[in-house]
Engineer: 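Provided herewith is a single structure, encoded as structure tokens, for subsequent inquiry.
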Amino acid sequence: MAEAKVLSGAGLRGQIAGQTSLSTVGKEGAGLTYRGYDVRDLADQVQFEEVAYLLLYGELPNKAQLQAYVTKLKGQRDLPQALKEVLERIPANAHPMDVMRTGCSMLGNLEPEESFEQQRDKADRLLAAFPAIMVYWYRFSHEGVRIDCTTDEDTLGGHFLALLHGKKPSELHVKVMNVSLILYAEHEFNASTFTARVCASTLSDIFSCVTGAIGSLRGPLHGGANEAAMDMIERWKSPEEARAGILGMLERKDKIMGFGHAIYSVSDPRNEVIKVWAKQLAEEVGDTVLYPVSVAVDETMWEQKKLFPNADFYHASAYHFMGIPTKLFTPIFVCSRVTGWTAHVFEQRANNRIIRPSAEYVGVEQRKVVPLAQR
Ligand SMILES: CC(=O)SCCNC(=O)CCNC(=O)[C@H](O)C(C)(C)COP(=O)(O)OP(=O)(O)OC[C@H]1O[C@@H](n2cnc3c(N)ncnc32)[C@H](O)[C@@H]1OP(=O)(O)O
Ligand SMILES: O=C([O-])CC(=O)C(=O)O
């Protein structure tokens with residue numbers, strides 16, 4: 001039995017930086033709940049739009065509320081022409097998270113949040129528009145196609161796949177996207193959410209909060225790990241090669257992307273869910289390499305370091321099996337986490353004091369300025 005994780009030291013680890021009623025992370029071992037619901041039950045039983053509603057409006061919707069919410073989101077998927085023109089100017093070799101950041105910021109110029117009373121509508125608008133922001137840029141810059149940003153798909157995951165592949169997605173793929181978006185929706189005071197809350201605490205607008213959060217999510221120690229994990233596992237052609245590769249990386253003290261967690265000590269509850277779907281997708285596409293390689297990495301990491309896969313690791317192969325380009329992995333995280341970020345912005349605004357911690361000064365003692373000519 002692994003010991004409980006020591007939550008202290010650098011990185012503000014273990015320090016209570018505020019209150020939330022949105023989620024609990026790692027309480028009593030390995031759990032994750034959204035407003036009291038186990039994330040595994042949500043992933044099993046509801047659709048992502050219900051989770052978005054739960055986070056943004058406070059309770060799971062009833063049938064009529066869900067229908068109205070889905071209709072609202074579907075009606076807000078298209079992008080203003082000025083935003084499409086900006087996206088067309090971003091080069092194909094740009095980082096897609098930079099595209100998301102610019103897309104969010106530009107939307108904030110075109111449709112600004114003029115008062116906090118608009119916060120829910122602005123959150124819904126971002127949620128509805130992000131798949132098109134990502135895919136409009138991707139397909140224009142990579143395929144020279146100007147896509148129609150609207151689809152008939154009811155779910156955000158189905159809508160994203162339809163925009164990306166230009167055809168109706170399979171039921172299985174819609175289901176997996178739904179599960180994935182639920183798993184990524186909310187996670188307490190992670191780095192990107194904390195960024196959003198710091199920004200909100202200055203009474204800034206919601207687009208600034210989300211734009212900043214995207215910048216924090218971009219890094220490989222946070223959301224960027226799903227992409228980095230994919231780059232790593234596709235290098236290996238067999239479980240044996242993967243095992244040898246991991247041993248070499250550990251020897252060199254490399255970080256293995258998609259493993260470990262700042263809060264969880266023995267497992268990430270989201271991993272067991274997405275791992276099952278990654279396996280099912282592997283069977284669907286007849287994969288005999290990537291999934292076995294992923295399992296070999298997983299087993300070697302536990303055996304060598306007692307480190308476990310976090311939410312990102314099996315997302316890499318799951319997305320790959322659905323034909324999603326690796327560079328779009330982290331932007332999908334944005335499409336989901338925007339619910340958690342904006343719900344935290346509402347919460348911060350409802351009980352706000354500017355977030356302003358203190359620093360321990362470790363610089364030189366006070367001294368006199370030497371005139372330029374004498375330096
Ligand atoms: C959805 C998400 O954002 S989940 C996180 C996604 N990020 C990743 O997958 C990146 C890889 N993982 C990591 O870098 C880290 O595990 C983090 C950033 C997630 C957490 O960082 P920390 O809380 O500082 O890690 P922690 O204190 O548990 O590290 C303990 C030891 O394990 C090592 N370790 C932790 N994760 C890894 C890893 N993935 N690979 C190799 N070694 C690791 C650390 O280097 C540290 O070793 P040391 O004591 O010799 O310095
Ligand atoms: O909580 C964290 O530090 C990172 C994480 O897993 C998430 O944001 O989903």
Side-chain angles (χ1 to χ4, degrees), residues 2-15 17-18 20 22-27 30-34 39 42-43 51 55 97 180-197 213-233 245-274 294 297-298 300-316 318-319 329-341 343-344:
E3 284 172 23
K5 188 156 184 179
V6 179
L7 293 179
S8 63
L12 297 178
R13 199 70 80 257
Q15 298 188 36
T20 186
L22 290 165
S23 65
T24 59
V25 173
K27 294 275 182 298
L32 170 60
T33 63
Y34 297 167
V39 74
L42 293 170
V51 169
L55 294 171
M97 287 295 277
S180 165
L181 293 168
I182 290 174
L183 296 178
Y184 272 145
E186 158 57 15
H187 219 240
E188 196 222 54
F189 278 22
N190 60 84
S192 56
T193 301
F194 196 60
T195 303
R197 284 192 80 128
I214 294 170
S216 289
L217 189 69
R218 183 190 194 288
L221 296 189
H222 192 9
N226 54 14
E227 225 173 289
M230 186 67 216
D231 292 341
M232 178 182 75
I233 56 179
I246 288 293
L247 292 176
M249 288 176 79
L250 290 176
E251 181 81 27
R252 293 191 297 277
K253 304 228 171 305
D254 290 349
K255 274 263 161 80
I256 314 298
M257 295 305 167
F259 283 83
H261 198 273
I263 306 294
Y264 297 123
S265 56
V266 286
S267 67
D268 180 333
R270 301 166 294 183
N271 174 60
E272 66 186 72
V273 180
I274 197 63
S294 304
V297 173
D298 181 351
T300 310
M301 283 299 284
W302 185 255
E303 170 201 299
Q304 296 291 316
K305 296 278 288 182
K306 292 285 170 284
L307 280 173
F308 51 88
N310 56 46
D312 280 334
F313 186 65
Y314 282 97
H315 260 107
Y319 286 167
F329 290 5
T330 317
I332 300 174
F333 200 152
V334 173
C335 295
S336 161
R337 185 57 62 87
V338 66
T339 56
W341 290 333
H344 275 274

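Along the sequence shown, residues carry numbers from 1. In listed order, ligands and their atoms are each counted from 1.
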Engineer: When you measure from the heavy atoms of Phe333 to every atom of ligand 1, does any distance fall below 4.0 Å?
Structural biologist: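 Yes, that is the case, since the closest heavy atom of the residue is under 4.0 Å from the ligand.
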Engineer: Establish whether atom 41 (C) of ligand 1 and some protein heavy atom are separated by less than 4.0 angstrom.
Structural biologist: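 Protein heavy atom within 4.0 Å of atom 41 (C) of ligand 1: present.
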Engineer: Should you measure from each heavy atom of Ala225, which atoms of ligand 1 turn up under 4.0 Å away?
Structural biologist: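 Result: 6 (C), 7 (N), 8 (C), 9 (O).
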Engineer: Taking it one step at a time, do Arg270 and Tyr264 satisfy side chain to side chain contact (heavy atoms under 4.5 Å, CB included)?
Structural biologist: CA-CA 11 Å; Arg270 301 166 294 183; Tyr264 297 123; 4.0 Å; yes
Engineer: Taking only heavy atoms of Gly260, which atoms of ligand 1 are found under 4.0 Å from at least one of them?
Structural biologist: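 Numbered from 1, ligand 1 contributes 16 (O), 19 (C).
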Engineer: Of the non-hydrogen atoms in Phe313 and Ala229, which two are nearest, and what is the gap between them?
Structural biologist: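 Taking Phe313 first and Ala229 second, the nearest heavy atoms are CD1-CB, 4.0 Å.
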Engineer: Give a yes/no verdict on whether any heavy atom in Gly258 is under 4.0 Å from an atom of ligand 1.
Structural biologist: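 True for this residue.
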Engineer: At a 4.0 Å threshold, what atoms of ligand 1 neighbour a non-hydrogen atom of His261?
Structural biologist: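 The list of qualifying atoms is 4 (S), 16 (O), 19 (C), 20 (C).
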Engineer: Taking only heavy atoms of Ala262 into account, list the atoms of ligand 1 that are under 4.0 Å away from them.
Structural biologist: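 Here the atoms of ligand 1 in question are 20 (C), 23 (O).
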Engineer: Step through it carefully: locate the ring centre of His315, locate the ring centre of Phe333, and say whether they are under 6.0 Å apart.
Structural biologist: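 Judged by ring-centre distance (under 6.0 Å), His315 and Phe333 do not meet the cut-off.
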Engineer: Do me a favour and list the nearest non-hydrogen protein atom to atom 11 (C) of ligand 1 with residue, atom name and distance?
Structural biologist: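 Looking only at protein heavy atoms, the one closest to atom 11 (C) of ligand 1 is Phe259 O, 3.4 Å.
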Engineer: Are any of the protein's heavy atoms under 4.0 angstrom from atom 50 (O) of ligand 1, yes or no?
Structural biologist: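 Looking at atom 50 (O) of ligand 1, one finds that no protein heavy atom lies closer than 4.0 Å.
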Engineer: Taking only heavy atoms of Asp254 into account, list the atoms of ligand 1 that are under 4.0 Å away from them.
Structural biologist: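 Numbered from 1, ligand 1 contributes 41 (C).
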Engineer: Heavy-atom cut-off of under 4.0 Å around ligand 2: list whichever protein residues fall inside it, by chain and number.
Structural biologist: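 Residues His187, Asn190, His222, His261, Arg270, Arg337 each place a heavy atom under 4.0 Å from ligand 2, listed by chain and number.
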Engineer: What pairs with Ala191 under side chain to side chain contact (heavy atoms under 4.5 Å, CB included), at least two apart in sequence or on another chain?
Structural biologist: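 Testing Ala191 for side chain to side chain contact (heavy atoms under 4.5 Å, CB included), a comparison that skips the adjacent residues, returns His222.
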Engineer: Give the residue, atom name and distance (to 0.1 Å) of the protein heavy atom nearest atom 18 (C) of ligand 1.
Structural biologist: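 Atom 18 (C) of ligand 1 sits closest to the protein heavy atom Leu221 O, 4.0 Å.
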Engineer: Which of the atoms in ligand 1, numbered in the order shown and given with their element, are less than 4.0 Å from a heavy-atom of Arg13?
Structural biologist: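 Counting from 1, the qualifying ligand atoms are 22 (P), 23 (O), 24 (O).
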Engineer: Which one of Met249, His222, Lys255, Arg270 has a non-hydrogen atom at the shortest distance from atom 13 (C) of ligand 1?
Structural biologist: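 Of the listed residues, Lys255 has the closest heavy atom.
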Engineer: Determine the minimum heavy-atom distance between Ser23 and Tyr34, stating which atoms define it.
Structural biologist: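 For Ser23 versus Tyr34, the nearest heavy atoms are CB-CD2, 4.2 Å.
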Engineer: Which ligand 1 atoms does Met257 reach within 4.0 Å, using its non-hydrogen atoms?
Structural biologist: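 Every atom of ligand 1 under 4.0 Å from some heavy atom of Met257: 9 (O), 10 (C), 11 (C).
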Engineer: Could you pull out all residues at least two apart from Asp231 that satisfy salt bridge (charged side-chain N to carboxylate O under 4.0 Å, His left out)?
Structural biologist: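 Not a single residue meets the salt bridge (charged side-chain N to carboxylate O under 4.0 Å, His left out) criterion with Asp231.
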Engineer: Considering only heavy atoms, does Pro220 approach ligand 1 within less than 4.0 Å through its side chain, its backbone, both, or neither?
Structural biologist: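 Within the 4.0 Å criterion, Pro220 contacts ligand 1 through backbone atoms alone.
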Engineer: Taking only residues two or more places apart in sequence or in another chain, which ones pass salt bridge (charged side-chain N to carboxylate O under 4.0 Å, His left out) with Arg337?
Structural biologist: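 Counting only residues at least two positions away or on another chain, Arg337 forms no salt bridge (charged side-chain N to carboxylate O under 4.0 Å, His left out).
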Engineer: Relative to the heavy atoms of Ile256, which atoms of ligand 1 are at a distance of less than 4.0 Å?
Structural biologist: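 Listed by number with element: 11 (C), 38 (C), 39 (N), 40 (N), 41 (C).
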